[in-house]
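This report refers to the structure that appears directly beneath it.
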Amino acid sequence: MAALKERGLYKTPLGSGKHDITCPWVEEHTDALDTGAAYFEPDDLYPLGGFCCQHSHGERYHIRDLLAQLEIPNIEARHKPLIRVIPGDLHRVVDAAEKELAARGRHFQSGGLIVSISSDPTTGDPSIVPTSAQALARELSVAALWEKYDRRSDAWVRCDPPQRHVSILYDAQDFRHLPPLAGVIRQPYFRECDGKLITEAGYDKTSQRFGVFDPRQFVIPEPTNEEVVAAMALLEDLLEEFHFVSDTDRAAALSAIFTAVVRPSLSYAPGFHVKAPVYGSGKTYLCELIGAFAGPGRNTKVSYPTTSEEATKVMLFLLLSGPAVIEFDDMANDWIPHGIIKRVLTAEHITDRILGASKIATVSTRTLFLGSGNNVGPVSDLLRRIVTIHLDPRCSTPATLNYKSSPVDKVRQNRGRYVAAVLTLILAWRKAGSPRAGVENIVTFGGSWSDYCRHPLIWLGQPDPATALLEQVKHDPDAELLGSLMVEWQRAFGSYSITVRRAIEAAETNSSLRDAMCEFPIVERGEINHSKLGWLLKKNMDRIINGMKFQKDQAEGRNAWRVVVADSPPLPPLPPLSRSITKSVTGNNKIIGGEV
């Protein structure tokens, strides 16, 4: 283009990399008009660019002829940066390669990996794609021209990106030039640092997130009273035909929808489990409806992992792509509290080794987790991390019921309108001064999640959507079983310290104590396992239930346990006893003459 302008052949840009020029061979035109010649900028398909002339000699002259006429070398015509591989400058070569890769605007760094963003051609749903070493070599060859010195010809010659340099860049954990990517966004979102509603697509340097959506589809009105009423009615209409057990379950479903919309803006958010007594109750369909608010794609459905090792592999693999929703569909068992499952619900990132690769990756957990199943749900540590939504159609064959509308189709066909309705309600709550109801606090989820997905609904007249979560925490079945064990333990031994072995011996003649112990998975081949009981007590040490707790102590030179009232002073350990006396006396719970 510079050469065309210098020779007075350049006319005007035509857009999309096309330029109107005067044909250098204009004297050969069949008429006197100077029209029909164009130059096309280089791209991936045409690295030298293109030349076209509409006149009769057009088939004779091409881009190489134009370059020769302008005395431009082919390597300059490509209009690419040049990287020369010089021995001793490995660090500079790798740095230059990363800089040119970043300049293309298609690659980012995320969790120690080089990644790009890809959209599903059918649904348009974006995902994060880790770049392989082979793909990286290809991208570097597109980003720049590479040369190495050839001693035979005593000149610089073209070459591919050297494998050694590609591997060093691929294996790097820190990158100087690639912009960091915290996640992909599928709709307008609230920026964490300042709470601003971001309605523009593309990369946002402040939040380090890349929005892949059409802003024109999300028309968010001024949150007036009329708009609030209309938005709430729009959302409630979607839930009209679901058979919720109570109004709090309906509010929990609305909260799940709110969470789906704003999940990328939340460091932590609970999971949601849809529970029903019989198949065909609409559990999966409700999960699909909730997921439709999170993005244009379908929920990523997987089976609930059965082991902790499987759970770790599955979670890291799934979260690498940054899915909007992960759904454990049609669960046959309860939510087993695997360590990784607990972390993805209460930690912002998880780090582990990628399956089949020698790289460690850190991935974001800002994904909505859903589950569904008949008479199964969260247990143990997951009771405080998952909101249960109860459905009950109250008939023997709910699969035969007729429904008038298709709410999932409504949302998918006009997703922008429904997402905008949720954002309008949140903005209205903010406009009203962000009033917070006087409800019980939830430690992990008492911050942003409550502000976006709990308090606005209560302000709008809905019941507390966290009711089920609070009930689960207060009525933990494991806590009730542990409380029963504490009661029987104290009845048998008072507040004295006793070893696990002595306690199991005492349980042989104390049926109430043995029954309380056997409620836990510590029995093997009909006998109570000493190690498992000891681990159970250690795991629950100092946990207060009904004002009592297990406290660790020493007796007979070994670790011992006692049940005490919370904050009570320590007592001396139980005196050493013979096995026969322990059996005969502790079963009757008597103390004789100061000795048991």
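Values below: every heavy atom of this structure, side chains too, minus hydrogens, waters and symmetry copies.
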Step-by-step side chain to side chain contact (heavy atoms under 4.5 Å, CB included) determination, Asp451 to Trp429 = CA-CA 9 Å; Asp451 282 348; Trp429 174 76; 3.8 Å; yes
Compare all side-chain heavy atoms of Leu485 with those of Glu519 and state whether any distance is below 4.5 angstrom.
-> no
Looking only at atom types and distance, does a side-chain atom of Asp334 sit under 3.5 Å from a main-chain N or O of Gly377, one as donor and one as acceptor?
-> yes
Could you give me the CA-CA distance, side-chain angles and deciding distance for Arg263 and Tyr189, then say whether side chain to side chain donor-acceptor pair (under 3.5 Å) is met?
-> CA-CA 9 Å; Arg263 184 63 186 94; Tyr189 62 101; over 6 Å; no
His390 and Asp392: CA distance, side-chain angles, deciding distance, side chain to side chain contact (heavy atoms under 4.5 Å, CB included) verdict = CA-CA 7 Å; His390 300 86; Asp392 188 358; over 6 Å; no
Minimum side-chain heavy-atom gap Pro465-Arg454 below 4.5 Å = yes
With the side chain counted from C-beta on, respond yes when Pro407 and Tyr285 share a heavy-atom pair under 4.5 Å apart, and no when they do not.
-> yes
Is the number of heavy atoms from other residues, nucleotides or ligands under 6.0 Å of Phe317 CZ greater than 12?
-> no
Minimum heavy-atom distance between Pro305 and Ile336, given as atom pair plus value = O-CD1, 4.5 Å
Gln173 atom CD: more than 12 heavy-atom contacts under 6.0 Å | yes
So, Ser450 side chain and Gly447 main chain: donor-acceptor pair closer than 3.5 Å or not?
-> no
Measure across Val166 and Pro161 and return the closest heavy-atom pair with its distance rounded to 0.1 Å.
-> CG2-CB, 3.9 Å
Does any non-hydrogen side-chain atom of Pro296 lie less than 4.5 Å from one of Arg186?
-> yes
Salt bridge Glu139-Arg104, side-chain N to carboxylate O under 4.0 Å = yes
Going through the checks in order, is the side chain to side chain contact (heavy atoms under 4.5 Å, CB included) test met by Asp204 and Arg209?
-> CA-CA 6 Å; Asp204 180 68; Arg209 302 186 182 277; 5.6 Å; no
Phe175 backbone acceptor or donor facing Gln109 side chain under 3.5 Å | yes
Cut-off 3.5 Å, side chains only: do Thr284 and Glu327 have a donor facing an acceptor?
-> no
Using a distance-only test with no angle check, is there a side-chain donor-acceptor pair under 3.5 angstrom linking Ser308 and His338?
-> yes
Side-chain heavy atoms of His455 within contact of Val439, under 4.5 Å = yes
Are the side chain of Trp459 and the backbone of Arg436 linked by a donor-acceptor contact shorter than 3.5 Å?
-> no
Would you find more than 12 non-hydrogen atoms of other residues, nucleotides or ligands less than 6.0 Å from Arg394 atom CZ?
-> yes
Minimum heavy-atom distance between Asn299 and Gly291, given as atom pair plus value = OD1-CA, 3.3 Å
So, Arg412 versus Tyr418: side-chain donor-acceptor pair below 3.5 Å or not?
-> no
Kindly compute the distance separating OG1 (Thr224) from NZ (Lys431), expressed to the nearest 0.5 Å.
-> 7.0 Å
Between His273 and Val376, what is the shortest heavy-atom contact and its length?
-> NE2-O, 2.7 Å
What are the two closest heavy atoms between Pro337 and Leu382, and how far apart are they?
-> CA-CD1, 3.8 Å
Salt-bridge test for Glu240 and Lys404: reply yes if a basic N is under 4.0 Å from a carboxylate O, no otherwise.
-> no
Does one side chain, of Thr388 or Gln472, offer a donor that lies under 3.5 Å from an acceptor on the other?
-> yes
CG (Asn375) with more than 12 external heavy atoms under 6.0 Å | yes
So Thr367 and Met315, side chain to side chain contact (heavy atoms under 4.5 Å, CB included) or not? Walk me through it.
-> CA-CA 11 Å; Thr367 292; Met315 284 298 100; over 6 Å; no
Are a donor atom and an acceptor atom from the side chains of Thr467 and Glu471 found within less than 3.5 Å of each other?
-> no
Indicate yes or no: at least one non-hydrogen side-chain atom of Leu482 is less than 4.5 angstrom from one of Phe550.
-> yes
Answer whether the closest heavy-atom distance between the side chains of Thr306 and Asn333 falls below 4.5 Å.
-> no
Rounded to the nearest 0.5 Å, what separation is found between the CG atom of Leu370 and the CG atom of Leu368?
-> 4.0 Å
Checking Thr131 side chain against Leu136 main chain: does a donor-acceptor pair fall under 3.5 Å?
-> no
Over all heavy atoms of both residues, which pair between Leu345 and Phe445 is shortest? Give the atoms and the distance, please.
-> O-CE2, 3.5 Å
Heavy-atom neighbours of Arg191 CZ exceed 12 at 6.0 Å | yes
From Leu320 CG over to Ser127 OG, what is the distance, rounded to the nearest 0.5 angstrom?
-> 11.0 Å
Do Ser364 side-chain atoms and His349 backbone N/O form a donor-acceptor pair below 3.5 Å?
-> no
Would the Tyr304 and Trp335 ring centres measure less than 6.0 Å apart?
-> yes
Cut-off 3.5 Å, side chains only: do Gln462 and Glu236 have a donor facing an acceptor?
-> yes
Rounded to the nearest 0.5 Å, how far apart are CG of Leu316 and CD1 of Ile340?
-> 7.5 Å
Taking the side chain from Gln187 and the backbone from Phe218, do they hold a donor-acceptor pair closer than 3.5 Å?
-> no
Calculate, to the nearest 0.5 Å, the distance between atoms OG and CG belonging to Ser406 and Leu238 respectively.
-> 11.0 Å
Counting only heavy atoms not in Arg138, do more than 12 fall under 6.0 Å of its CZ?
-> no
Under 3.5 Å side-chain donor-acceptor pair for Ser246 and Asp249 | yes
Heavy atoms from other residues, nucleotides or ligands near OH of Tyr279 exceed 12 (cutoff 6.0 Å) | no
Any donor-acceptor N/O pair, Asp194 side chain to Lys196 backbone, under 3.5 Å = yes
For Asn546, does the CG atom sit with more than 12 other heavy atoms under 6.0 Å from it, leaving out its own atoms?
-> no
Side chains of Thr206 and Cys193 in contact at under 4.5 Å (non-hydrogen atoms) | yes
Would you say the side-chain atoms of Thr365 pair up with the backbone N or O of Glu348, donor to acceptor, closer than 3.5 Å?
-> yes
Within the side chain of Glu98, is there an N or O that forms a donor-acceptor pair under 3.5 Å with the backbone of His177?
-> yes
Kindly compute the distance separating CZ (Phe328) from CZ (Phe369), expressed to the nearest 0.5 Å.
-> 6.0 Å
